[in-house]
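Every chain is numbered from 1, with letters handed out A, B, ... down the list of sequences. Remember, predicted model here, so these are calculated numbers, not experimental data.
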Number of protein chains: 2
Amino acid sequence: MERGDVVPLLGEVFREHGFEGASLAAITARTGLGKGSLYHFFPGGKEEMAAAVLAEIDGWFEAQVFAPLREGADAPSAIRDMLAKVDAYFRSGRRVCLVGVFALGEVRDRFSDQVEGYFAAWRDALAGALRRAGRSEADAAEQAEEAVLAIQGALTLARALRDPEVFTRTLERLGRRLLA
Amino acid sequence: MERGDVVPLLGEVFREHGFEGASLAAITARTGLGKGSLYHFFPGGKEEMAAAVLAEIDGWFEAQVFAPLREGADAPSAIRDMLAKVDAYFRSGRRVCLVGVFALGEVRDRFSDQVEGYFAAWRDALAGALRRAGRSEADAAEQAEEAVLAIQGALTLARALRDPEVFTRTLERLGRRLLA
DNA sequence: TTTGTTACGTACCAATCAGTACAATTATGG
DNA sequence: CCATAATTGTACTGATTGGTACGTAACAAA
């Protein structure tokens with residue numbers, strides 16, 4: 001088992017338990033790794049583990065979502081791709097957003113840059129694509145903010161109501177609105 | 001100090017730390033009460049404290065928001081009032097939604113009824129008001145779901161970006177859209 | 001003033017927490 | 001094969017966890 005293999009597992013633990021709730025016991029259970037290995041890969045303990053997870057998430061979204069949004073020649077289809085990737089990533093509403101979970105807790109302050117950077121990058125990349133798709137500056141900014149926030153809200157509501165359809169419906173509505 | 005005075009303070013602790021993160025130490029610090037008093041008021045421990053907080057929140061929203069939405073003679077002004085109350089309650093985006101925080105964690109399952117009930121009541125009350133304001137059944141349901149989810153998402157994004165304006169803007173947009 | 005109840009602080013409990021130390025194992029490369 | 005380094009399990013640490021026990025205040029009604 002390598003460090004790179006552990007990070008996604010850590011992600012699941014933090015996603016489900018939050019930072020404080022993710023006990024070393026839960027982490028060893030999920031990863032199958034003892035403390036020895038864990039502290040060998042992450043000498044900084046939980047803090048370093050969480051940072052690694054955030055970095056991996058950021059890297060994934062950067063490569064799969066933000067960059068295509070920024071650089072895609074065809075803006076509308078880049079937006080369509082974003083929605084598809086987001087649907088897959090969040091398992092159609094059955095999975096929660098780790099960065100969102102962190103944002104709500106007081107851990108937020110410990111990972112300020114990463115939390116802020118993730119959402120800002122998303123919003124700005126989407127606004128850029130909307131701009132290139134012909135929207136005004138103001139309209140693009142408003143629609144982008146609204147879309148990012150709707151995705152977060154839909155994940156929360158879907159989990160609260162145990163109804164993943166809330167998320168699916170939201171993505172569809174977003175598709176209609178952003179590509180109109 | 002009475003039990004009723006303690007509940008709002010408990011609410012703040014759970015809001016800021018989440019359920020797992022709200023240690024008895026943090027609770028005694030915030031309330032100024034020793035364990036003796038705490039367990040005198042809440043023999044069931046943290047679980048009972050959290051339940052009391054959720055009940056209080058639900059009671060507040062029921063009286064201040066849901067009931068007016070359901071029974072208000074003038075539906076549009078009931079909706080306007082809802083937005084004003086929500087803005088005040090969440091301190092214009094500087095305060096986070098405890099029920100939303102619970103919904104994202106695994107505590108969700110322990111307080112299933114209360115979490116689910118809160119959001120379902122809100123959505124349904126709003127949908128009813130929209131219906132009375134002249135919308136079709138389908139349109140009312142969609143707009144209500146979208147509004148509730150946007151409020152949650154806006155709280156998350158506002159906190160993530162440290163920008164309460166996100167929340168304020170969202171409420172304004174909601175006002176325009178719901179009252180159009 | 002006496003009596004009974006409600007409120008509260010403190011000392012304690014076993015369990016668990018994050019983290020450390022270190023020996024044993026497993027790969028790896030020469 | 002051998003040596004060196006990268007992994008991993010286990011036993012431990014002191015601190016903190018939620019919760020209990022119990023003694024003591026404050027209070028009311030009589």
Side-chain angles (χ1 to χ4, degrees), chain A residues 1-56 98 101-102 104-112 114-115, chain B residues 1-56 98 101-102 104-112 114-115:
Chain A
M1 179 95 67
E2 294 176 21
R3 198 189 127 117
D5 305 324
V6 188
V7 178
L9 297 171
L10 291 175
E12 293 303 316
V13 181
F14 283 121
R15 213 187 299 279
E16 289 166 21
H17 298 82
F19 183 77
E20 342 257 359
S23 68
L24 267 289
I27 294 173
T28 59
R30 185 62 152 264
T31 59
L33 256 41
K35 294 190 184 186
S37 318
L38 252 11
Y39 276 84
H40 172 68
F41 290 132
F42 309 95
K46 276 176 70 175
E47 184 109 10
E48 189 173 341
M49 297 181 206
V53 170
L54 286 172
E56 207 220 24
L98 172 77
V101 172
F102 273 31
L104 290 181
E106 13 90 66
V107 249
R108 199 229 94 113
D109 300 325
R110 286 213 249 174
F111 301 100
S112 225
Q114 321 214 43
V115 169
Chain B
M1 179 98 65
E2 293 176 21
R3 196 188 128 116
D5 305 324
V6 187
V7 178
L9 297 172
L10 292 175
E12 294 303 316
V13 182
F14 283 120
R15 213 187 298 278
E16 290 166 20
H17 298 81
F19 182 77
E20 342 256 0
S23 68
L24 267 289
I27 293 173
T28 59
R30 185 62 153 261
T31 60
L33 256 41
K35 294 191 185 185
S37 317
L38 250 14
Y39 276 83
H40 172 68
F41 291 132
F42 309 95
K46 276 176 72 176
E47 184 110 9
E48 190 174 339
M49 298 180 206
V53 170
L54 285 172
E56 207 219 25
L98 173 76
V101 172
F102 273 32
L104 290 181
E106 12 90 71
V107 250
R108 199 230 95 110
D109 300 325
R110 287 213 248 173
F111 301 99
S112 226
Q114 320 215 43
V115 169

**Q** Please state how far atom CZ in A:F42 lies from atom C1' in D:dT7, giving the value in whole angstrom units.
**A** 14 Å
**Q** If you check the A:M1 side chain, which of D:dT8, D:dG19, C:dG19 turns out closest?
**A** D:dT8
**Q** Any ion pair linking B:E48 and B:R3 (charged N to carboxylate O, less than 4.0 Å)?
**A**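 Between B:E48 and B:R3 there is a salt bridge, with a charged N closer than 4.0 Å to a carboxylate O.
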**Q** Could you tell me the separation between the OH atom of B:Y39 and the P atom of D:dG19, rounded to a whole number of Å?
**A** 3 Å
**Q** Would you call the rings of B:F102 and B:F14 parallel, tilted or perpendicular if under 30° counts as parallel and over 60° as perpendicular?
**A** perpendicular
**Q** Could you please name the option among D:dT7, C:dA18, C:dA7 that lies closest to any side-chain atom of B:H40?
**A** C:dA7
**Q** Map B:G32 and A:A25 onto DNA chain C by nearest heavy atom, then report which one ends up closer to the 5' terminus.
**A**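 On the 5' side of the pair lies B:G32.
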**Q** How long is the line joining NZ of A:K35 and P of D:dG9, in whole Å?
**A** 13 Å
**Q** Take atom CZ of A:R3 and atom P of D:dA5, then tell me their distance rounded to the nearest Å.
**A**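 Whole-Å distance recorded here is 21 Å.
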**Q** To the nearest Å, give me how far apart CD (A:E48) and C1' (C:dA18) are.
**A**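 Rounded to whole Å, this separation is 14 Å.
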**Q** Using modelled atom types and a 3.5 Å cut-off, is there a donor and acceptor pairing between side-chain atoms of B:K35 and backbone atoms of B:L24?
**A** no
**Q** Check the distance between D:dA6's P and A:E2's CD and give it to me in whole angstrom.
**A**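 Rounded to whole Å, this separation is 13 Å.
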**Q** Under a 4.5 Å cut-off applied to non-hydrogen side-chain atoms, are B:R110 and B:E47 in contact?
**A**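 Yes. Closest side-chain heavy atoms under 4.5 Å.
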**Q** I'd like to check A:P8 versus A:E56 (side-chain heavy atoms, cut-off strictly below 4.5 Å). Are they in contact?
**A** yes
**Q** OP1 or OP2 of C:dC17 less than 4.0 angstrom from a side-chain nitrogen or oxygen of A:S23, does that happen here?
**A**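 Checking A:S23 against C:dC17: at least one side-chain N or O falls below 4.0 Å of OP1 or OP2.
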**Q** Please classify the nucleic acid contact of A:A22 as base, sugar-phosphate, or nothing, using heavy-atom distances under 4.0 Å.
**A**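 Here A:A22 touches the backbone only, sparing every base.
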**Q** Between P on D:dA11 and CG on A:L24, what's the gap in Å once rounded to a whole number?
**A**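 To the nearest whole Å, that distance equals 17 Å.
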**Q** With the side chain of B:F41 defined as its heavy atoms from C-beta on, choose the nearest nucleotide among D:dT8, D:dG18, C:dA7.
**A**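 Selected nucleotide: C:dA7.
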**Q** Round to the nearest Å and state the distance from B:L38 atom CG to D:dT17 atom P.
**A**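 The answer, rounded to whole Å, is 14 Å.
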